[in-house]
Every structure is written in structure tokens, then in C-alpha cells.
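Working notes, beginning with the structure itself.
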2 protein chains.
Amino acid sequence: MTRILVVDDEPQIVRALTITLKARSYEVVIAVSGRQALAVAAQSSPDLVLLDLGLPDLDGVDVIRGLRSWTKVPIIVLSGRNQGTSKVDALDAGADDYVTKPFNIDELLARLRAVTRRAPSGTEALSVVVGEFTIELPDRRVTSCKPDDEGEPAGVRLTPTEWQLLELLVRQPGRLVTQRELLKEIGRADVGDQSHYLRQFMNQLRRKLEPEPSRPRHLMTEPGMGYRFQP
Amino acid sequence: MTRILVVDDEPQIVRALTITLKARSYEVVIAVSGRQALAVAAQSSPDLVLLDLGLPDLDGVDVIRGLRSWTKVPIIVLSGRNQGTSKVDALDAGADDYVTKPFNIDELLARLRAVTRRAPSGTEALSVVVGEFTIELPDRRVTSCKPDDEGEPAGVRLTPTEWQLLELLVRQPGRLVTQRELLKEIGRADVGDQSHYLRQFMNQLRRKLEPEPSRPRHLMTEPGMGYRFQP
DNA sequence: GTCCGGCGTCAGGCTCGCGTCAGGGTCATG
DNA sequence: CATGACCCTGACGCGAGCCTGACGCCGGAC
């Protein structure tokens, strides 16, 4: 089932879109601000994003850039502003389509089908460079730029839990991800203080990815809060 | 250089578009009717089609269907008619975008960049070499480079299920394919943990294709996640 | 200076997932 | 009916990955 992330701060718009999309048996995820949109997109990996440009916190174009820094997920922009260069800016920032409010719902659905039709493989993603390694999100692998002793371009083996944590961090570059979010990702947000757990895996990740594990440059820890991925 | 096929029967529109596009160093090819559009597209293989719906001979939607019957080239529809269901019909027939006349030229150029940006333009490899075998996807067969004892260039016999799994892996070289994806391919993603199932078939594939089945070099397993084809 | 909470690191037990062999069931074919 | 080929399930050993406990370090509070 196709999962759609609806980003809008007007409740009635969100409600109308949700009802319409669910009636077409789409799965709907909601965000009401730009920052929330980036966080939710990272955690739920939607197949399409419906993005309103008039958000309270971030500029819509910055939201598009934030998404495009790690994913190729199709983005359709909804906007009341049809003047000026916002259309061109949004499209050039990486949006796939631009629909002006008020929009015909059938047209929106048709455009939605058009952009999803072209991207059948779900969430294609880009790669992120970390030190001497390249994290390839779509392939779920980490490769080294330098070949090893035997001349093979060997990569790094990551365990499922390590990968889950790394992916959540990398998909939100620069943003602080709380311990709770990280623990929720690996299904351990239920009981007590499990931060020890996290430290264990972060340690392993640093040992596998950081040149100097004791002096991390990309997997930064924010004491008392959580962790942050620094590109 | 990006080649654009402009299809319109109004000379002044064609002229204006041609000048604008050539100024952006696009290559421009012209057709003034539906039939001509199909013929020109076939022989010049453009990278994008700008299609006016109000053509004298064929219905615009039929032109789209005609193109889509053999090519995935991006199509942007230009139209003066913004009423009715023509938008939905055109998009569902295979158009990638729909712009209503009169249009802002900067917006059109931005949409043009948006659809070409997403265009795959990649040709898939049809046969893959793995060890001493060659996997020929279109022929659905695996042949050995070395002839057998009797001098015949014997191939490897794969069962339907084995082929389904191998094809899914080989079609995405280097990418990790999750257990769920693999099980879904062979129609067993419905209930419970069927990973045992997978292991069975992967084992058989390795015994048939890998020089050392216990030390696989191409059909790699990623514990807890899935499998990966390594070219 | 002393206490204390949070973090990094190491070590070890234990479960889980993987590979492998073996055997039974089903369907098409001779 | 007999005979394969193929699909599917069970059992078992083993190693990897998970989870927990313990210890040292550092910075801030008092």
C-alpha cells in the first residue's frame, strides 16, 4: 500500500486530504510543521510527500532541500501562493509537481498517480559520505573508499540494529535525535532507562565508521539528550 | 544535449517555444500533428515531449497512448482546455505533467527540468556474469562458460522458485533485498516467519552457482535482514 | 575536595538466526 | 502404477549478534 506523508498546518485541509486519500486506500501519515515533516519522513519512509508551502517554522523550499539531501521520494507541492518565483524555486529545489490551491481533487489524485507511476521502486535514496566511507541508503550497505590489504574494495558489515540506528540518524543530518526516538526505532522505548543499550551500539558504530572512535567527528553525542549525525 | 519534441499546430506557439528552448541550449524537433508526432518521436528519440492537446488529426490522449506503447519518454501536456476531465485523462494515459495555457514560460522551463531530472535514461543490463556462469535474464537461462565432460556447453537447470529469487536479486546488483521482499516474490509473505524457507532455496542456488557454496562470493547473506547479489 | 550522574569501554552469557541434512508430500509424466 | 522433480517442513549444530553487568572517566553541584 502506498504511504503518503501529508504536510500542512491547516487542520481542515489535512482532514479533507486524509479522508480522500484513505478512501482511495492510501496510507496517510501527517506532519503539521517543517521540522516534523523531516522527522516523520525519516521514520516512516513515505512513498510520496504532499507538501504545503505555507508552514509556520521552515520555508517550504528548505523542507524540500532537507528531504532531497537523502531521499528521492516524489514531492508534490500544494500552495496558495501562485505568484512570484515560488513555483520555479520549489521545482528547482527538487519538487516533482506543483499544484495551486484551490485544486481539483481529481486532478490532484491524477498527478499523484503520475508521479508515483514513474517511481515504482518505492523510496529511492541517495548516499552519504562519512569520512572514508560511503553510506548507500538504497543498497543498505557501507563501502570504504580505500581497498583493504588484499586489494578488494571491502565494505563494512553492519548488524540490523546498528543499521537501524545509523539510518535514522543519517536521514536527519544535523538534527538532534533523542534517545527516546532512537530506542523507539529499535523497539525498546517501553521500559525504564535503556540508555546503556544505546551507548553500546553507538560505540560499535563509531568503531566501525569513525577514524578515531574515541573522538567522533560524525556521530556526535549530546549529553542528556541524544545523538546527532554531523555530515 | 537534451532533445525536445515540440508538438503543436499553431505556428506562433511553435516558433515562440523553439526560440525560448534553443536559447536555453536545448535541441528542438517539431511536429504539427499527432501522426507526425508519433513518426518523429520514433526516428529522433527525443528526451522529452511537449505535447499540445488540440491537434487537428488525433486526440491528444491517443497520441500519449501511442507514445507510451513503446517509450517512457517524459511527456508534458500543454492545453488551452482546462475544463472537464482532460487533465485526468491525459495524466492517467501516461503524461507526466499538464500545463494550462497561457503559461508562464519560467514555470514551464522549471517543470521541464523537474521531469527530465527524474528521467531514468539508464539501460538495464540483460546478462550478468557470476563466477563461471552467465545469467541471461531475457532468456531465463544460466549457461556455463566451460563445456562439460561431453563437450557440450551445458547450462544450469533452475527450478521456477529458484529463478524467481535469483532474478529479483540479480536485477538489483549490490542492493540488499529484504527477506520480506524475497518472500513476497514467491508468494509467502503472508504468515509468520518463513525465513527457513528462504534459506532452503538460497542454499540450493549457492550449490548450483557458487564455486564454494559454503563460502559464497556472490549470493551474500546479511544476517537478520536479507540477501544481496554481489557482481 | 567530595559526591554524583552520564558517558565510554570491556567482558561474558545466552538467545536467535543461519546453514545443512534428511524426509515426506504433491503433481506431472512416462 | 511407478518415477522422478520440485516444494515444504523438521531437526540439529554452531557462530554471530543481542543484552547485561561492571568499571573508569569526566564535568558539574555543593
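Within every chain, numbering begins at 1; the chains are lettered A, B, ... in the order of the sequence lines, protein sequences first and strands thereafter. Small disclaimer: the values here were computed from a predicted structure and weren't measured.
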Mind calculating the distance between [atom1] ([X]) and [atom2] ([N]) to the nearest angstrom?
X	N	atom1	atom2	result
B:Asp193	D:dT9	CG	C1'	13 Å
A:Arg199	C:dC7	CZ	C1'	5 Å
B:Gln204	D:dA5	CD	P	13 Å
A:Trp163	D:dA16	CH2	C1'	19 Å
A:Gln194	C:dG6	CD	C1'	16 Å
B:Leu219	C:dT20	CG	P	12 Å
A:Arg207	C:dT9	CZ	C1'	7 Å
A:Arg206	C:dT9	CZ	C1'	11 Å

Inset, instruction - Scan B:Gln179 against the nucleic acid and name what it touches under 4.0 Å (heavy atoms): base, sugar-phosphate only, or nothing. - result: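 The answer is sugar-phosphate, as B:Gln179 gets under 4.0 Å only of primed atoms, P, OP1 or OP2.
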
Inset, instruction - Looking at every strand, decide which applies to A:Arg215 at a 4.0 Å heavy-atom threshold: base, sugar-phosphate, or nothing. - result: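 No contact at all - A:Arg215 keeps every heavy atom at 4.0 Å or more from the nucleic acid.
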
Inset, instruction - Give a yes or no answer on whether the side chain of A:Asp139 reaches the backbone of A:Arg141 with a donor-acceptor pair at less than 3.5 Å. - result: no

Inset, instruction - Say whether, by atom type as modelled, one donor and one acceptor occur between the side chain of B:Arg111 and the main chain of A:Tyr98 under 3.5 angstrom. - result: yes

Looking only at the side chain of [X] (C-beta and beyond, no hydrogens), which of the listed nucleotides [options] gets closest?
X	options	answer
B:Ser195	C:dT9, C:dC18, C:dC7	C:dC18
B:Thr159	D:dC7, C:dC21, C:dC7	D:dC7
B:Arg188	D:dC19, D:dC18, D:dT9	D:dT9
A:Tyr197	D:dC6, C:dT20, D:dC18	D:dC18

Legend entry - Donor/acceptor link under 3.5 angstrom from B:His196 side chain onto base of D:dG10: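 In this structure, the two groups form a donor-acceptor pair.
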
Legend entry - base_contact_polar (D:dT9 base, B:Gln200 side chain, donor-acceptor, <3.5 Å): yes

Inset, instruction - Measure the spacing between CZ of A:Arg3 and CG of A:Leu48 and express it to the nearest 0.5 Å. - result: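 Output value for this atom pair is 12.5 Å.
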
Legend entry - OP1 or OP2 of C:dT20 under 4.0 Å from side-chain N/O of B:Asn203: yes

Inset, instruction - Return no unless some side-chain N or O of A:Arg157 is found under 4.0 Å from OP1 or OP2 of D:dG17. - result: yes

Inset, instruction - Say whether B:Thr161 and B:Gln164, considering side chains only, have a donor N or O and an acceptor N or O under 3.5 Å apart. - result: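 On atom types as modelled, these side chains do not qualify, holding no pair under 3.5 Å.
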
Legend entry - Partner residues of A:Phe229 under the ring-ring contact (aromatic ring centres under 6.0 Å, His included) criterion, sequence neighbours left out: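 Counting only residues at least two positions away or on another chain, A:Phe229 forms no ring-ring contact (aromatic ring centres under 6.0 Å, His included).
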
Legend entry - Which residue lies more 5' along DNA chain C, comparing A:Gly224 with B:Tyr227 via nearest heavy atoms: A:Gly224

